[in-house]
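All remarks here apply to the structure that follows.
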Amino acid sequence: MLRSNLSIDNRLSLIGLVAESPKRTKSPNGIEHCRFWLEHRSEQKEAGLSRQAWCKMPIQLSGNQFSHITQSITVGKQLLVVGFISSHKQANGLSQLVLHAEQIEFID
């Protein structure tokens with residue numbers, strides 16, 4: 001098994017449009033959370049051919065340091081989100097990958 005000593009073993013960066021209104025909550029211990037969906041569309045090269053890439057990824061922001069940023073996140077805004085992915089178990093028992101944001105930049 002190949003192991004990395006770098007912190008890039010679980011990194012994802014994704015540019016897309018905010019697809020749904022963010023849902024903001026606060027945990028009982030006072031930590032603010034914001035969750036929204038980011039929709040990505042691009043053209044990629046694979047095996048020398050062009051292909052359309054598309055995904056809709058749930059984004060999770062946790063921590064009070066993001067409270068000022070989350071107020072500006074609205075449907076249609078273009079963002080660059082960088083963070084790590086983790087699997088969350090949904091109420092129906094299925095697992096879903098979620099991008100936990102550590103950095104967010106507004107593109108437009």
Evaluate Glu102 against Phe84 for side chain to side chain contact (heavy atoms under 4.5 Å, CB included), listing each step before the verdict. CA-CA 8 Å; Glu102 295 175 317; Phe84 65 92; 3.7 Å; yes
Are Phe66 and Ile85 connected in the hydrophobic side-chain network, where two residues link if heavy atoms are under 4.5 Å apart? yes
Answer yes or no: is there a side-chain heavy-atom contact under 4.5 Å between His33 and Ser27? yes
Take Lys45 and Ser50, measure what side chain to side chain contact (heavy atoms under 4.5 Å, CB included) needs, and give me the verdict at the end. CA-CA 5 Å; Lys45 291 282 187 186; Ser50 293; 3.2 Å; yes
Is Val18 reachable from Ile15 through a run of I, L, V, M, F, W or Y residues, each pair having side-chain heavy atoms under 4.5 Å apart? no
Starting at CE of Met57, measure out to CG of Leu99 and round the result to the nearest 0.5 Å. 6.0 Å
What are the two closest heavy atoms between Thr70 and Cys34, and how far apart are they? CG2-CB, 3.6 Å
So Leu79 and Phe36, side chain to side chain contact (heavy atoms under 4.5 Å, CB included) or not? Walk me through it. CA-CA 12 Å; Leu79 305 175; Phe36 61 94; 3.8 Å; yes
Is there a side chain to side chain contact (heavy atoms under 4.5 Å, CB included) between Val82 and Leu12 once you walk through the steps? CA-CA 6 Å; Val82 179; Leu12 179 66; over 6 Å; no
Are any non-hydrogen side-chain atoms of Ile73 and Pro22 less than 4.5 angstrom apart? yes
Quick one: closest heavy-atom pair of His68 and Gln65, and the distance? CE1-O, 3.1 Å
Is Arg51 paired with Glu46 through a side-chain N to carboxylate O contact shorter than 4.0 Å? yes
Look up atom CG in Leu38 and atom CD1 in Ile59, then write down how far apart they are to the nearest 0.5 Å. 5.0 Å
Spatial distance of atom CD (Gln90) from atom OG (Ser95) [nearest 0.5 Å]: 8.0 Å
What's the shortest heavy-atom distance between Val81 and Ala101, and which atoms? CG1-CB, 3.6 Å
In this structure, CD of Gln103 is separated from CG of Leu61 (nearest 0.5 Å) by 11.5 Å
For the OG atom of Ser13 and the CD atom of Glu105, what is their distance to the nearest 0.5 Å? 10.5 Å
Answer yes or no: is there a donor N or O on one side and an acceptor on the other, between the side chain of His88 and the main chain of Gln96, under 3.5 Å? no
Decide whether Lys77 and Ser72 meet the rule of one side-chain donor and one side-chain acceptor closer than 3.5 Å. no
Does a donor on one side chain and an acceptor on the other come within less than 3.5 Å for Ser42 and Gln44? yes
State the CG-CG distance between Leu14 and Leu80, to the nearest 0.5 angstrom. 8.5 Å
Testing the basics here: between Trp37 and Lys56, what is the closest heavy-atom pair and its distance to 0.1 Å? CZ3-O, 3.5 Å
